[in-house]
Number of protein chains: 2
Amino acid sequence: MLKHAAVDRVFRALGDPTRRSILERISRRPASASELVRPMRVTLAAVVQHLQVLEASGLIRTEKVGRVRSCRVRPEGLEVAERWIAQRRAAWSERFDRPGRILEGRS
Amino acid sequence: MLKHAAVDRVFRALGDPTRRSILERISRRPASASELVRPMRVTLAAVVQHLQVLEASGLIRTEKVGRVRSCRVRPEGLEVAERWIAQRRAAWSERFDRPGRILEGRS
DNA sequence: GGATTTGTCAAGTGGCGACTTTAGTATCGC
DNA sequence: GCGATACTAAAGTCGCCACTTGACAAATCC
């Protein structure tokens, strides 16, 4: 059923380049917050804030062991986005695939 | 190759609920700006601004005929998002599908 | 032609979001 | 224990973004 707010969080999360680059990084392999900062030119604090956004959106999962917080991708998180897109495609193609109905016109 | 800025524009565009509802509406059938305002509780000016964002991101195509600007979905626009997601999935599953390599560790 | 509909343009407002700095807390290595 | 590492929490700054208002332009309708 695709909850409005969930879709919102996911797409908003994906709308930031820093967050996407975090996702790109940890979809290859999990990483800690400080490992993630290294190649970037933002503060650790900024990265942690991004991690919070990503986790709230369901796109990543983090776990603190000892003093290090390790972050890994949550592949199911992307399904929210994928499903929304799939629904748009479905609605769009429905206009053409309907036998016995004319393209234009209502319904 | 998925240009950084293009991905940005698409996901940012999708990150707004009003814009998504515009997309949902016109993926069923094209509509004019004023038709789009009707069910919403924002100004026409706001809707037009959203349309500009959507068009700049490649998600819709608009065409002005007479005094009415009609908006239709541009299905290729979504491919940018789909490809980015697909690449994440690919990178993620690569960690497991690789025969002869151990899960953890570098490379 | 005159009123209405449909959209455009420009400017202003308010809030949120990305980021920083500063200060503090736990954990690890020696 | 001590220093360094790895975060956490709180506060402040700044710019952008969604939205409004108001004035204007151009089709369309009668």
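A note on names: the letters A, B, ... follow the listed sequences, proteins ahead of strands, and every chain is numbered from 1.
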Would you indicate, yes or no, if dC19(D) has its OP1 or OP2 atom less than 4.0 angstrom from a side-chain nitrogen or oxygen of Thr18(B)? yes
Shortest non-hydrogen separation from Val47(A) to Ala33(A) and the atoms involved: CG1-O, 4.1 Å
Residue met sooner reading DNA chain C from 5', once Gly66(A) and Val42(A) are mapped to nucleotides: Val42(A)
Out of dT20(D), dG7(C), dA9(D), which has the shortest distance to the side chain of Ser32(B)? dG7(C)
Test item: Cys71(B) and Arg61(B) side chains (from C-beta on) under 4.5 Å apart, heavy atoms: no
Give a yes/no answer on whether the side chain of Thr43(B) brings an N or O atom under 4.0 Å of OP1 or OP2 in dC19(D). no
Atom CG of Asp16(A) and atom P of dG15(D) are separated, to the nearest Å, by 18 Å
For atom CZ of Arg38(A) and atom P of dA6(D), their distance in whole Å: 6 Å
Distance check: side-chain N/O of Arg41(A) vs OP1/OP2 of dC19(C), anything under 4.0 Å? no
Nearest whole Å is fine: how far is dT20(D) P from Gln49(B) CD? 9 Å
How long is the line joining CD of Gln52(A) and C1' of dC7(D), in whole Å? 11 Å
Under 6.0 Å from the ring centre and within 45 degrees of the ring axis: does the NZ or CZ of Arg88(B) meet both conditions for the six-membered ring of Trp92(B)? no
Would Ser70(A) and Glu63(A) count as having a side-chain donor-acceptor pair, cut-off 3.5 Å? no
Under 4.0 Å: is that the gap between some side-chain N or O of His50(B) and OP1 or OP2 of dC17(D)? no
Proximity to the side chain of Ser34(B) - top-ranked nucleotide from dT21(D), dT28(D), dG7(C): dG7(C)
Euclidean distance, atom CE of residue Met40(A) to atom P of dC19(C) [Å, nearest integer]: 10 Å
Between dA18(C) atom P and Arg12(A) atom CZ, what is the distance in whole Å? 7 Å
Between NZ of Lys64(A) and C1' of dA26(C) the distance, given in whole Å, is 7 Å
What are the two closest heavy atoms between Met40(B) and Ser21(B), and how far apart are they? CE-OG, 3.2 Å
Nearest-Å distance for atom pair CZ/C1', residues Arg9(A) and dC16(C): 16 Å
Which is true for Ala33(B) with a 4.0 Å heavy-atom rule: it touches a base, it touches only sugar-phosphate, or it touches nothing? sugar-phosphate
Taking only the side-chain heavy atoms of Arg67(B) (C-beta and beyond), determine which of dT20(C), dT28(D), dT8(D) contains the nearest atom. dT28(D)
